[in-house]
Amino acid sequence: MTEQLNTGSHDLPVTEELAAFMRTGWADTRRADVEPLPVAPWAAKRRAALAARFPGERLVVPSGTLKTRSNDSDHRFRPHSAYAYLTGAGEPDDVLVVEPSGEATLYVRPRSPREEGEEFYRDRRYGEFWVGRRPDLAEAALLYQVECAHMRDLVLSGPARVLRGVDPRVDGLVPPGEGDAELESFLAEMRLVKDEWEVGELQSAVDATARGFEDVVRALPAALGHPRGERYLEGVFGLRSRLEGNAVGYESIVASGAHACVLHWTRNDGRLRDGDLLLLDAGVETDSLYTADVTRTLPLSGRFGAVQRQVYDLVYEAQEAGIAALRPGARFRDFHLAAMRVVCEGLREWGLLKDPVDALMESGLYRRYTLCSSGHMLGLDVHDCARARAETYLDGVLEEGQVLTVEPGLYLQPDDLTLPEEFRGLGVRIEDDLVITADGARLMSGALPRRSDEVETWMAALLR
């Protein structure tokens, strides 16, 4: 009787004869067409900046691990943003090590040779026959323009700063140190100002997102007839995201009617009703993992009702004030405060709040109707640079090259008895992406209309 190996592939054992047979008879598939990634020279500059910040120290940045969805099925892998920023690479379990000399080595899991071992056809997580081909060491070095080594050769001896919480295996190789938190903060802060390549990637993401919004408007007639119209539109935008990029940069918010009053409504299982508003908050993520983040609030009938327009126009005016406050040297919080001052003025004019504007800004009573801040940094993460220290981000000042959103909103809850009945259940947000320039800010998402009359004209043209 033929002896069988203990491990299986979809619970099928492999005989020694089959194992031997699988190791022979394969053509040479080494690639001759590999070229450096466009991001490679930019990533090299970023690694140099990182090494300069921590001279004479060993720095360890893992890519991250696969996460189980259920049983033997994993979620689609996305590398940690700091790792992607420093390498341009995107495979799981890899580790970037910057040595005290400043030299960097990327430890990777290269494709497994077919003449030895069984990973390539038996390993459901990493095998080439299961999940696709990985670069070999030579290909990886050419792609990423950095020295590459096999991950089995990774040895971390002596002190090091580690980006923790990304890969438990790496965490276990080096005892935690006080310097780890400082490394994490700096890895976020060095992304606050985007380089030229990053701004280009973000503009590509924004442009693809604008096309996705156009797709959604064209799909409205079909979606209005579907019992899950929100999900229909989510799928339409998702198709554009996968065709032009890696995926959506975050879970799309497709919120009709009172669902728009839920800030992060991602169930997207509601019906669309003619006469309601649709709040669409979505962004395409490029293959390089930079994401757009745009919101438009659209009248499903094609035209705003009187009260809908009243609410929408106040949000638009608030956004205009926020955008006007963007310039180098301004405090990061200034644009939010400018937008909220306009909101307070409008709520007072409507009779919803009685106090003077300055008093409302101090008490925060207006937040019952708007809840959250009016924007955030944007980049590899939709809420980019979140681990940056407050003094460099939230309490810092704007600099040329930063990319951020301006997104005031009003969320008038359907059960709020402080509101006239006709206001209840209306949610409006307008969100755009902007890059800080030498004398102000450039609107990156200007291909999509913002004023209420322009929105109506745009929708009418798409629905002809």
Side-chain angles (χ1 to χ4, degrees), residues 213-214 216-221 223-225 229-230 232-233 237 252-265 268 270-282 294-323 339-340 342-353 366-372 374 406-432 445 448-463:
F213 275 58
E214 292 174 353
V216 165
V217 172
R218 293 189 185 98
L220 284 177
L224 279 162
E230 289 177 349
Y232 191 110
L233 298 179
F237 187 85
S252 299
I253 298 169
V254 189
S256 62
H259 290 167
C261 298
V262 181
L263 289 173
H264 289 167
W265 175 261
N268 300 342
R271 181 184 289 274
L272 308 181
R273 291 178 174 82
D274 193 17
D276 280 352
L277 296 178
L278 172 75
L279 189 155
L280 175 63
D281 184 335
V294 177
T295 305
R296 289 294 182 269
T297 305
L298 310 173
L300 288 172
S301 68
R303 295 192 64 81
F304 291 98
V307 176
Q308 292 172 346
R309 189 183 302 274
Q310 181 180 348
V311 175
Y312 185 97
D313 286 350
L314 177 56
V315 174
Y316 170 76
E317 291 167 8
Q319 191 196 34
E320 283 282 274
I323 291 173
M340 292 304 97
V342 172
V343 166
C344 287
E345 291 169 350
L347 294 174
R348 287 186 76 251
E349 289 178 6
W350 297 351
L352 298 181
L353 296 173
Y366 66 92
R367 292 184 58 192
R368 180 182 179 107
Y369 309 109
T370 189
L371 290 177
C372 64
S374 300
V406 178
E407 50 171 317
L410 282 170
Y411 312 99
L412 310 180
Q413 302 298 330
D415 58 346
D416 190 342
L417 298 182
T418 70
L419 295 168
E421 187 172 356
E422 64 270 20
F423 280 84
R424 297 175 198 165
L426 292 179
V428 174
R429 179 164 65 251
I430 311 171
E431 179 179 20
D432 283 274
S445 45
L448 292 173
R450 294 187 298 123
R451 281 202 339 243
S452 55
D453 58 336
E454 293 174 342
V455 169
E456 291 173 336
T457 301
W458 172 71
M459 291 182 66
L462 292 170
L463 289 169

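Here, residue 1 is the first one in the sequence, and each next residue gets the next number. Small disclaimer: the values here were computed from a predicted structure and weren't measured.
The CZ atom of R296 sits 10.5 Å away from atom CG of D281, with the distance rounded to the nearest 0.5 Å. Remark: S301 OG to M459 CE distance equals 7.5 Å, nearest 0.5 Å. With values rounded to the nearest 0.5 angstrom, R309 atom CZ is found 7.0 Å from D453 atom CG. H259 contributes atom NE2, which lies 13.0 Å from atom CD1 of I253 (distance to the nearest 0.5 angstrom). Rounded to the nearest 0.5 angstrom, R429 CZ and C261 SG are separated by 10.5 Å. How far CG of L419 is from CG of L426: 9.0 Å, rounded to the nearest 0.5 Å.
Of the possible polar contacts, one joining the Q308 side chain to the G275 backbone as a donor-acceptor pair under 3.5 Å is found. Side-chain atoms of Q319 come within 3.5 Å of backbone N or O of V406 as a donor-acceptor pair. Judged by distance alone, the side chain of T297 and the main-chain N or O of L279 form no donor-acceptor pair under 3.5 Å. Of the possible polar contacts, none joining the D274 side chain to the L224 backbone as a donor-acceptor pair under 3.5 Å is found. Although no hydrogens or angles enter the test, the distance criterion places no donor-acceptor pair under 3.5 Å between the side chain of E317 and the main chain of V342. In this structure a side-chain-to-backbone donor-acceptor pair under 3.5 Å is present from T370 to G409.
Taking every heavy atom of both residues into account, P408 and A339 meet most closely at CB-CB, 4.3 Å. Nearest heavy-atom pair across S252 and A282 is OG-CB, 3.8 Å. L277 and G427 get closest at one heavy-atom pair: CD1-O, 4.3 Å. Shortest non-hydrogen contact noted between V428 and Y411 is O-CE2, 4.2 Å. Summarising the geometry of F213 relative to T295, their closest heavy-atom pair is CE2-C, 4.3 Å, with the distance given to 0.1 Å. Here the closest non-hydrogen pair linking S445 and V294 is CB-CG2, 4.2 Å.
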Worked check of side chain to side chain contact (heavy atoms under 4.5 Å, CB included) between Y369 and T418: CA-CA 10 Å; Y369 309 109; T418 70; 2.8 Å; yes
Stepwise side chain to side chain contact (heavy atoms under 4.5 Å, CB included) test for L233 and L280: CA-CA 9 Å; L233 298 179; L280 175 63; 5.8 Å; no
Derivation of the side chain to side chain contact (heavy atoms under 4.5 Å, CB included) call for W350 and L314: CA-CA 11 Å; W350 297 351; L314 177 56; 3.5 Å; yes
Chi angles and distances behind the side chain to side chain contact (heavy atoms under 4.5 Å, CB included) call for D416, F423: CA-CA 9 Å; D416 190 342; F423 280 84; over 6 Å; no
Stepwise side-chain hydrogen bond (donor to acceptor under 3.5 Å, both in side chains) test for D276 and S256: CA-CA 7 Å; D276 280 352; S256 62; 5.6 Å; no
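Here the side chains of Y312 and I430 are in contact, with some heavy-atom distance below 4.5 Å. At a threshold of 4.5 Å between non-hydrogen side-chain atoms, the residues T457 and P449 do not count as touching. Residues E230 and L272 have side chains in contact (heavy-atom distance under 4.5 Å, counting atoms from C-beta outward). Proximity of V343 to M340: side-chain heavy atoms (C-beta onward) are separated by under 4.5 Å at one or more points.
Results of the salt bridge (Lys or Arg N to Asp or Glu O under 4.0 Å) test with E456 over R451, R303, R450 single out R303 as the only residue that passes.
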